[in-house]
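Single-structure report; data block below.
Every chain is numbered from 1, with letters handed out A, B, ... down the list of sequences.
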There are 2 protein chains.
Amino acid sequence: MLKISRITDYATVVMAYLAQNPVDIHNAKDITTHTHIALPTVSKILKLLAKAELLISHRGANGGYSLAIEPKKISIASIIKAIEGDVGLTECAHTDSHCQIEASCSIRGNWRVISQIVLNALEDISLLEMVSPMSTQSVSVDKLKQALSEMNTEQQGLQDE
Amino acid sequence: MLKISRITDYATVVMAYLAQNPVDIHNAKDITTHTHIALPTVSKILKLLAKAELLISHRGANGGYSLAIEPKKISIASIIKAIEGDVGLTECAHTDSHCQIEASCSIRGNWRVISQIVLNALEDISLLEMVSPMSTQSVSVDKLKQALSEMNTEQQGLQDE
DNA sequence: TTTAAATAGTACTATTGCGGTCCTAATTAT
DNA sequence: ATAATTAGGACCGCAATAGTACTATTTAAA
C-alpha cells in the first residue's frame with residue numbers, strides 16, 4: 001500500500017500520451033483508443049486535469065484537450081494533486097482536522113516534514129522524464145539536494161508556529 | 001490522499017510512545033491509556049509489529065511488548081511495511097500483476113523508480129528522529145544523496161530486465 | 001496448583017471510499 | 001440546424017479498511 005489511487009495512475013498514463021504530441025488536440029475517444037482506459041474513466045480524468053489547469057479544454061465539435069504547459073514543466077506531484085487534492089501522508093499532515101488522539105500525539109509536526117520530503121521528491125520529477133525511459137540519472141541528485149535544502153528553510157518557519 | 005492507512009499512522013504513535021522508554025515492557029492497556037487509541041486497535045497493531053520483529057512480545061501475566069531494536073535503527077519505512085506489507089506507489093510498481101492497460105503503458109518502469117525514491121526517503125527517517133522534535137536538518141542531505149546514488153546502481157540492473 | 005493477566009490468532013461486521021458508469025446541459029465547428 | 005464534443009453532476013456496487021469480539025495459549029504470582 002502507500003499507493004496513489006488507480007485514477008491518478010491512469011492520469012499519468014493519459015498525460016504521458018498527450019506529452020508525445022504536446023501541441024495536438026486529442027479528444028476523449030482518441031485517448032481511450034490509445035491508452036485502453038475505459039471512455040467514461042478517461043473523460044472523468046480529463047475533466048479533473050483541465051480543472052487543475054494542466055490541460056486546456058476545447059469544447060464543441062473537433063474539440064478535445066491539449067497540454068496547458070510544456071511536459072518539462074509538469075511535475076508528477078502536480079498530476080497527483082490534480083486528481084487527489086492536497087497530499088499528505090497522514091490526516092493531520094495537511095489539514096487542521098482533529099484526530100481523536102491529537103492531544104497525546106507528539107509526532108504531528110514530524111509527519112508534516114516527512115510529507116514535505118516525499119512531495120519534494122515528486123515535484124522533482126517531470127512529465128518529460130516520465131515519458132522518456134527514465135534512467136535514474138535523469139533524477140538529478142543535485143536538484144534533489146537543492147530542493148531539500150530549500151525545504152529546510154521553509155520548514156524552519158513551520159516549526160516555529 | 002497518497003496516505004498511509006490510519007492503522008499505520010497509529011502504529012507510529014505506538015512506536016513513538018515505546019521509544020520514550022526503549023527498555024521497559026508496556027502492555028496493551030498501558031499503551032491505550034497513554035496514546036488514547038482504542039484497546040482492540042492497539043492490540044491489533046502490537047501483534048503486527050511483533051510479527052514484523054520490530055517488537056518483542058512477552059506473554060503471560062506481567063507481559064507486554066518492548067522494542068526489539070534501538071529507536072535509532074528503526075526506520076519509518078519499516079513500520080509502514082510491518083503494517084501495510086510491501087510498498088509501491090502503483091499496482092505494477094511492486095508486483096507482477098498485470099493491469100489492463102499494461103501493453104500500452106510505457107511508464108511502468110518509471111513508477112518503480114519513483115516508488116524507490118519515496119521509499120528511500122522513508123527509510124532514511126528513524127524512529128528516534130520521529131520522537132525528538134524534528135528539525136529537518138536531522139534528515140541528513142548527505143545520507144539521502146548517498147541512498148539515492150546507491151539506488152541508481154541497483155536500478156541500472158533493473159532497467160535491463 | 002489454581003488463578004488472573006497477558007498475548008496469539010482468527011473471524012466477523014459495518015462503513016467508507018473508490019472505481020466506474022450514465023445522463024443532461026452547454027458549447028462550437030460544419 | 002446538426003453533430004460532435006466537453007462540463008458537471010448523480011449514482012451504484014464492490015472492495016478495502018477500521019474496528020470489534022471471541023477463543024486458545026502462555027506465564028507470573030498467590
Side-chain angles (χ1 to χ4, degrees), chain A residues 1-14 18 24-33 35-66 68 80 82-85 90-91 97 99-101, chain B residues 1-11 13-14 18 24-33 35-66 68 80 82-86 88 90-91 95 97 99-101:
Chain A
M1 324 297 165
L2 185 72
K3 284 205 181 61
I4 58 173
S5 75
R6 185 111 122 253
I7 298 286
T8 305
D9 189 359
Y10 287 167
T12 62
V13 174
V14 168
L18 291 179
D24 295 7
I25 294 179
H26 299 267
N27 63 31
K29 202 181 286 182
D30 170 47
I31 295 170
T32 299
T33 311
T35 59
H36 298 123
I37 304 169
L39 178 58
T41 305
V42 166
S43 172
K44 187 183 200 171
I45 291 168
L46 289 169
K47 287 171 199 170
L48 287 169
L49 291 170
K51 204 167 192 178
E53 297 181 331
L54 293 179
L55 297 181
I56 296 170
S57 73
H58 308 265
R59 300 182 71 164
N62 292 335
Y65 294 87
S66 57
I80 297 178
I83 307 293
E84 314 203 352
T90 58
E91 198 61 44
S97 72
C99 68
Q100 293 134 333
I101 62 168
Chain B
M1 322 300 166
L2 185 71
K3 283 206 182 62
I4 59 174
S5 75
R6 186 111 122 253
I7 299 286
T8 306
D9 188 358
Y10 288 166
V13 174
V14 169
L18 292 179
D24 295 8
I25 294 178
H26 300 266
N27 63 31
K29 201 180 286 181
D30 169 47
I31 295 171
T32 299
T33 311
T35 59
H36 298 123
I37 303 169
L39 177 59
T41 305
V42 166
S43 172
K44 187 183 201 173
I45 290 169
L46 289 169
K47 287 170 199 169
L48 287 169
L49 291 171
K51 205 167 192 178
E53 297 181 332
L54 293 179
L55 296 181
I56 296 169
S57 74
H58 308 265
R59 301 182 70 163
N62 292 335
Y65 295 88
S66 57
I80 296 178
I83 307 293
E84 314 203 351
D86 246 345
T90 58
E91 199 59 46
T95 64
S97 72
C99 67
Q100 295 135 332
I101 63 170

Distance check: side-chain N/O of A:Ser5 vs OP1/OP2 of C:dG17, anything under 4.0 Å? no
Testing the basics here: between B:Leu49 and B:Ala82, what is the closest heavy-atom pair and its distance to 0.1 Å? CD2-CB, 4.1 Å
A:His58 NE2 to C:dA26 C1': how many Å, rounded? 17 Å
Report which part of the nucleic acid B:Lys44 touches: base, sugar-phosphate, or nothing (heavy-atom distance under 4.0 Å, all strands). base
Take the protein atom CD1 of A:Ile56 and the nucleotide atom C1' of D:dT5, then report the distance between them rounded to whole Å. 17 Å
Quickly, which of A:Asp30, A:Val42, A:Leu18 forms a side-chain contact (heavy atoms from CB on, under 4.5 Å) with A:Thr35? Name it, please. A:Val42
B:Arg6 side-chain proximity, nearest of C:dA6, D:dT6, D:dA18: D:dA18
Which atoms form the tightest heavy-atom contact between A:Asp24 and A:Ser66, and what is the distance? O-CB, 3.5 Å
Atom NZ of B:Lys29 to atom P of C:dA4: distance rounded to whole Å? 14 Å
I want to verify a distance call: between C:dG20, D:dT27, D:dG9, whose nearest atom is closest to the A:Lys47 side chain? D:dG9
Here's a test of your reading of the structure: between A:Ala38 and A:Ala61, which maps to the more 5' nucleotide of DNA chain C? A:Ala38
To the nearest angstrom, the CD1-C1' distance between B:Ile83 and D:dA16 comes to 16 Å
Closest to the B:Asn62 side chain, choosing from D:dA7, D:dA18, D:dA28: D:dA28
Does a side-chain N or O from A:Thr41 land closer than 4.0 Å to OP1 or OP2 of C:dT21, or not? yes
Between C1' on D:dG9 and CG on A:Leu46, what's the gap in Å once rounded to a whole number? 17 Å
In whole Å, what is the span from the CD1 atom of A:Ile7 to the C1' atom of C:dG20? 7 Å
DNA chain D: 5'-proximal contact among A:Lys51 and A:Gly63 (nearest heavy atom): A:Gly63
Output yes when a side-chain donor or acceptor of A:Glu84 lies under 3.5 Å from a complementary backbone atom of A:Ile4, and no otherwise. no
Quick check for you: among C:dA26, D:dT20, C:dG19, whose closest atom lies nearest to any side-chain atom of A:Arg59? C:dA26
Which heavy atom in A:Tyr10 sits nearest to a heavy atom in A:Ile45, and how many Å separate them? CB-CD1, 3.5 Å
On the nucleotide D:dA7, are OP1 or OP2 found under 4.0 Å from the side-chain N or O atoms that A:Ser57 carries? yes
B:Tyr65, nearest nucleotide to its side chain (from C:dA8, C:dC22, D:dA18): C:dA8
Please determine if a side-chain N or O atom of B:Tyr10 lies less than 4.0 Å away from the OP1 or OP2 oxygen of D:dT17. no
Separation of atom CD1 in A:Ile45 from atom C1' in D:dA7, rounded to whole Å: 16 Å
Using modelled atom types only, decide if a donor and an acceptor are shared between the side chain of A:Ser43 and the backbone of A:Leu39 within a distance under 3.5 Å. no
Euclidean distance, atom NE2 of residue B:His36 to atom C1' of D:dG19 [Å, nearest integer]: 19 Å
A:Asn27 side chain: which of C:dT28, C:dT21, D:dT6 is closest? D:dT6
